[in-house]
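Structure first, commentary second.
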Amino acid sequence: MPARDAVSLPNTEAFENIADHHIVRNFVGGLRMMLNDRTTAAYFWILVGITFLGVVGPMLAPYGIEQTQYSETGQILSAAPPSINHPLGTTFAGYDVLSRLLVGARPTVITGLLGGGLILTIGTSIGITAGYVGGRTETILMRFTDFVYGVPLIPFGIVMITFLGVGFLSSILVIGLILWRGGARVIRAQTLQIKQYPFVKVAKATGASRRRIIIKHILPNVAPMAIFFLALGVGYAIMLQASLTFLGVASPFTPSWGVMIRNAFNSGYMSQAWWWSLTPGLLIGITVLSTFMFGRGYEDLITADSESVEADTVAA
Amino acid sequence: MSRPLLEIEDLTIRYETDGGDLTAVSNASFSVDEGEFFGLAGESGSGKSTTAKAIIGGLDDNGWIDGGTIRYRGEEIQDFTDKELNEKLRWKEVSWIPQSSMNSLDPLQRVSEQALEIGRVHTDLSNEAIREKLKEMFDVVGLQQSRIDDYPHQFSGGMQQRAIIALALFLEPSLVIADEPTTALDVIMQDQIFKYLDRMKDDAEISLLLITHDISVIFESCDSVAIMHASQIAERGSTTAVHDNPRHPYAFMFKEAFPDIREPSRDLEVIEGYPPELIGEVSSCSFTDRCPWAVEECHQSAPPLEPVGDDDATHAASCFRSDEAYELYERYGATDPSAEVEAEQGGN
Amino acid sequence: MADDTPLLEIDDLEKHFEQSTNILDLLLRREPSKIQAVDGVSFTLETNDSIAVIGESGCGKTTLLLTLIGLHDITGGDVVYKGTPMSDFDDADWKEYRSNVQVIFQDPFNSLDPKMTVEESLKEPLKIHDVGNRDERVYQVLEDVELRPPEQYLHRKPMNLSGGEKQRVAIGRALVLEPDIILADEPVSMLDVSTQASVLRMLKDLIDDYDASMIYISHDLSTVSYISETVNVMYLGRIVESAPTEWILDDPKHPYSEALVSAIPIPDPHHDRARTEMSGAPRDPIDLGEGCRFRDRCPKVIPPDGIDVDQEAYREVMAFREALERDDLPLERIRKELDDPGDQEAFAAAIRGEYFSGEMTGENATTVDAALDDVADGDLDAAADRLRDRFESVCENTPLSVEAEADWHVACHQYYDHDRRTKEDHAITTD
Amino acid sequence: MSSMKRYVVVRGLQTIFTLWLVLTALFVMFRSMPGDFTSQMAVAGASEEALAALRAQWGLDEPLYVQYWRYITNLAQGNLGESPVYRVPVWEFVKMRMFNTFILVAPAMTFTYLLGALIGTITGSKRGSRLEKLGIIPVIGVGSFPAFFLSIVLVVVFASWLNLFPTSGMLSAGGTELETWWGPYLTADFGIHYVLPFTAVVCRYLFIPSLIMRTSVVEVMGQDHTEYHRLTGLPIGNRLRHVAKHASLPVLTIYPVSLARALGGVVLIETVFNWPGIGYALVEAVLGRDYPVVQFVFFVVAAFVIISNFLVDLLYGVIDPRIRVED
């Protein structure tokens with residue numbers, strides 16, 4: 001792989017300090033390297049697009065989400081097929097599908113980012129702690145992780161939501177509280193490996209503190225894997241949230257894409273008004289696929305020995 | 001002198017890489033006689049393993065023979081298909097001892113099962129006959145016969161290497177290619193392994209093509225040697241000729257880089273720089289940039305491998321200054337003031 | 001601190017590991033077995049000294065190194081740095097020790113953090129110990145390790161360095177704090193031979209320039225003479241011989257060192273070296289017990305007085321006894337191989353076939369035969385007792401290190417009796 | 001004791017211990033959840049005294065350890081308790097539903113793993129080729145859609161539009177009366193209802209074994225023994241068989257976990273297809289705070305994972321001789 005120079009960023013001192021930090025530099029460097037790869041770059045831009053949709057989507061919506069649409073003759077446009085005025089058709093109640101889709105982007109993006117962030121934070125902390133500290137701490141943490149692995153995700157999610165109360169945020173919280181398990185395992189394995197490398201031993205022998213070793217050596221080296229997990233977590237969170245919504249245990253009042261499919265399904269019109277559930281479903285699928293492929297691409301390019309860890313991650 | 005078993009002539013091998021076609025071996029020529037132990041020496045990336053793999057059709061998918069011939073008992077084999085190689089050559093005639101024996105045996109299979117699998121592919125022997133042959137070979141390499149049914153992990157590192165040698169020998173080949181067979185082993189274990197290889201030479205009159213970076217092992221155990229540097233054969237000949245009367249700068253500097261416990265305080269030679277990566281045609285001596293005696297000519301074209309000296313018919317070197325280089329080295333060490341000026345001009 | 005205090009004293013150092021136990025072991029209250037990686041190692045490193053520790057893989061040399069740099073706890077004995085024992089170190093002592101004792105590892109490919117630039121790697125020790133003038137020091141040390149001009153290397157990452165360059169950076173990082181002691185673990189064994197010599201030579205020169213001392217760990221006796229004047233030969237956790245390098249290369253005294261030296265290839269087709277007579281490999285360092293650890297492979301293992309036995313045959317007896325007493329005989333496998341697993345005589349013969357090659361005569365043969373019959377009958381204790389009665393060797397006592405000649409220490413029973421200068425009271429322990 | 005026996009005993013003891021741990025954890029967890037089944041009744045307007053009496057009747061007012069002891073002793077006698085909501089023994093309530101789920105998930109996941117292993121081997125053995133790079137993308141793509149959406153698409157396309165299969169249910173209403181409980185599962189009617197849910201499970205989870213297999217095939221292909229096999233001239237078929245044997249080990253490890261995951265996730269598919277499985281019953285039981293049922297189903301799923309992990313470990317021990325010694 002060709003050498004790449006340090007990234008140049010605006011020359012303010014604070015910014016430089018941040019940019020100079022290992023993790024940031026490696027992250028930015030990795031991102032650049034990755035965008036050279038056309039396929040990965042494509043997935044990246046899809047994700048950027050969806051995030052952007054999450055920001056501006058509600059503003060672009062041509063109609064209100066609960067604004068009943070009428071035809072020129074004054075009839076309610078119930079489950080009307082796509083037309084010029086309603087490019088994605090309308091729902092049974094006569095709402096504009098496109099508008100709901102645009103508005104629904106925001107909760108989806110929030111779910112992804114919050115859920116992914118939670119998964120990343122918990123998984124990385126537990127993984128690094130278990131891997132680096134070792135001994136009894138490791139045994140306990142990893143037994144606990146094994147235990148969480150045995151938890152059937154959706155039923156348990158429902159139990160926890162009934163415990164926490166039905167709501168949009170609580171569904172995300174539940175997702176984060178379960179799905180860190182794959183990340184914890186893989187990051188622990190990586191930490192164990194890195195810990196054995198001579199450069200960590202040298203740092204220890206020179207008197208580097210545990211904190212220093214974790215921040216300066218372990219974190220930057222597990223960062224690609226952690227990014228992979230962030231991406232994966234975003235995808236899983238979106239998918240799981242949609243599933244919980246579909247079962248009716250996440251808030252039905254937040255007009256996410258999952259709610260749209262649920263409404264279409266419950267209306268009994270899903271085969272007639274196929275446009276109602278198709279676009280949200282496709283969008284969820286494309287988002288999840290993009291996060292996964294993006295994470296894979298990042299990880300592939302950054303770490304040479306990436307292959308062996310992917311297996312564990314998909315089973316999360 | 002006995003008949004040649006393996007003859008390699010002007011062999012060129014390339015690999016397709018992202019950066020272009022990499023020349024791993026260029027115009028290599030040497031031959032291995034029946035019953036001869038031949039050492040192919042060189043540093044990592046010199047093309048020695050690639051040469052060896054080409055002989056039994058084991059190049060990686062992106063590699064191909066781009067010129068030259070490989071003859072085994074007079075028959076050209078470089079264009080053999082996999083099927084022909086299996087029918088005529090592999091294991092019955094030419095077998096292989098891999099570099100890292102520790103991981104070369106399938107850990108999920110008993111050694112005897114692995115032998116049966118190889119035996120069934122290459123011969124019509126019955127299972128019992130194959131087992132008997134393997135047992136005999138276990139005896140030769142100093143392993144208990146009853147252990148053929150062990151799993152690889154039940155052997156220590158040195159024992160695994162001996163089991164691998166037994167697997168290379170049990171179909172009675174005429175040529176064994178050993179790719180760094182002792183690199184991962186300690187010195188005592190290495191010596192034990194060579195004891196068994198010696199025995200195979202005495203008992204079975206087998207030829208050995210030994211690939212190693214360790215020239216002391218070759219000087220000690222082989223009859224002939226070829227020293228490779230970055231795809232080219234720098235020098236080849238009988239070990240005594242190359243040892244006593246080296247002609248190629250890389251050959252004698254390489255030799256002098258090895259310690260000899262008889263002279264513990266002799267300064268070891270250092271060869272500055274690194275071997276180049278050769279993309280496309282090789283049109284110069286690949287040692288030029290590291291050679292203290294390089295002249296303009298060395299940059300212009302690759303020196304042919306030409307006979308040198310009259311001590312040994314096979315002794316040849318590929319150096320334009322083969323007649324004077326060693327003399328200069330002995331007199332002035334690894335510097336040549338006159339050449340340096342020229343090299344600088346030519347290099348830029 | 002008195003002037004004659006040695007820089008580093010390693011005093012009867014022990015490092016044992018416990019083999020991991022499982023739930024069944026816990027339930028049955030089994031004693032965990034002990035891996036005796038380092039067992040009673042002593043030597044002293046003086047200022048400006050360079051001492052080598054040589055041994056085959058698994059002899060404990062790397063454990064010794066990790067113990068010396070404080071990455072393993074000490075099981076027994078001590079390491080005394082400038083008069084202060086490691087067991088008494090407080091935080092300040094540790095900080096001083098860690099800045100004054102630096103390490104270089106074998107594998108250049110993983111010795112540097114792949115995510116750090118050369119500059120960051122070299123500055124890290126300076127930051128940890130809060131040393132100023134970092135830029136200058138880093139620049140200087142790059143010059144010293146012959147990575148010139150330093151500007152060209154400062155911002156490179158390890159993936160853009162060759163193996164030799166990486167190892168130079170690793171050496172630079174070890175030197176940047178100007179330590180007293182460098183511990184080097186086979187620093188050149190993974191480099192190409194054309195680079196090896198230059199790195200070795202540079203390392204030696206820099207140790208002198210920086211006024212440091214070195215402990216050099218390697219499996220390769222042939223390059224040691226270039227870097228250390230003194231060699232300790234290690235076998236299964238113990239030092240068996242210690243002397244100036246050239247003496248050992250010239251005339252090794254311990255049978256193991258002898259084997260080690262005689263197995264080194266000579267790069268000369270005219271030289272006709274005999275292949276080693278040694279067989280087998282060192283065993284695992286688990287529950288080694290008393291006695292000379294080389295006795296099961298030693299071509300010179302000492303037979304008891306008054307029995308007449310061929311040396312090689314005696315060694316075979318010793319190897320067999322060793323396996324028998326450690327319950328390592330592969331009896332199940334041997335029995336399975338028999339045509340008739342019930343045939344006791346054939347069983348005994350098969351065991352004999354595995355362990356004994358030569359013929360024995362007289363009383364020796366009778367004893368061995370009787371013992372083999374015992375084994376075939378399943379009475380291992382009886383067999384062990386029978387063999388011990390006849391064949392017990394002085395080598396089953398732990399040999400003390402004796403000064404065979406001035407500055408030449410050997411831990412072998414041969415040297416107790418044959419040399420006048422041995423301790424009169426060679427407190428040999430008996431079990 | 002031979003090393004294999006020893007290995008079995010050690011792993012067996014560990015398994016029993018883990019089962020007990022999970023049982024206890026579930027008990028504690030569900031007893032400390034806020035509210036019990038009476039809370040729904042309270043909403044419905046039942047009086048405070050009546051609820052208290054109900055709690056006493058069900059023993060919910062006793063100290064936790066008494067309840068725990070009773071729970072364990074009942075369990076030891078094969079008594080799983082009673083569903084307070086449906087007023088039937090838990091076992092009666094769950095047994096057919098669990099069977100229905102199991103008969104959908106187990107064959108579907110087994111098929112998924114076999115197919116995935118095949119896809120993984122094919123793509124993985126062509127390292128660097130287009131097939132390797134792109135072949136797996138459709139599999140991941142399909143796996144990126146939530147299970148319920150895949151099911152909906154299947155229903156809309158194959159049941160509603162093409163009319164090839166029934167849209168929902170496990171058996172047609174008013175089907176022939178059969179005397180045995182297993183009789184219906186052998187009918188063509190069942191088979192035709194089975195196709196779409198089965199396909200949905202396969203589509204959703206196929207990427208897991210495919211990816212793992214591909215990854216480990218690539219890894220094994222790079223190992224020295226594969227290279228040695230190549231040099232010995234073993235035909236590609238033999239070599240792939242060796243590779244697959246090695247590469248299947250990690251796939252095997254994941255199998256129980258992902259079976260459990262599918263058992264949990266199948267609720268979505270059951271909902272769309274109106275499949276009378278345990279998944280949807282479980283959701284309702286949770287919402288109705290029918291903890292004895294939920295607790296038991298959770299335990300069954302966990303026990304399923306734990307026991308299959310144990311079996312996989314044993315199988316591992318059979319396939320890989322190194323495991324037996326190292327324990």
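Just so it is clear: chains get the letters A, B, ... in the order the sequence lines come, proteins before strands, and each one is counted from 1.
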Review point. Can you check side-chain contact (heavy atoms from CB on, under 4.5 Å) on K216(A) and K115(C), steps first, answer last?
Key: CA-CA 9 Å; K216(A) 290 279 176 179; K115(C) 304 284 172 189; over 6 Å; no
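Here T121(A) pairs with nothing under the side chain to side chain donor-acceptor pair (under 3.5 Å) rule; sequence neighbours left out. Under the side chain to side chain donor-acceptor pair (under 3.5 Å) criterion, Y132(A) pairs with no residue, sequence neighbours left out.
Neither the backbone nor the side chain of L183(C) comes within contact range of chain A, judged by heavy atoms closer than 4.5 Å. Heavy-atom distances place the side chain of R173(C), and not its backbone, under 4.5 Å from chain A. Of the atoms belonging to I104(C), not a single heavy atom falls under 4.5 Å from chain A. Only the side chain of L71(C) comes within less than 4.5 Å of a heavy atom of chain A; its backbone N, CA, C and O stay farther away.
Atom CG of D91(C) sits in a sparse spot, with 12 or fewer heavy atoms from other residues, nucleotides or ligands closer than 6.0 Å. Heavy-atom contacts from other residues, nucleotides or ligands closer than 6.0 Å to CG of D73(C) number 12 or fewer. Environment of CH2 in W94(C): crowded, with over 12 heavy atoms of neighbouring residues, nucleotides or ligands closer than 6.0 Å.
Going from atom CD1 of I69(C) over to atom NZ of K201(A) covers 8.0 Å, rounded to the nearest 0.5 Å. A distance of 7.5 Å separates CD1 of I213(A) from CD of E124(C), quoted to the nearest 0.5 Å.
For the pair S111(C) and F199(A), the tightest heavy-atom approach, listed with the atom from each and the gap, is O-CB, 3.3 Å. Scanning all heavy atoms of the two residues, the minimum distance from G207(A) to I128(C) falls at O-CG2, 3.5 Å.
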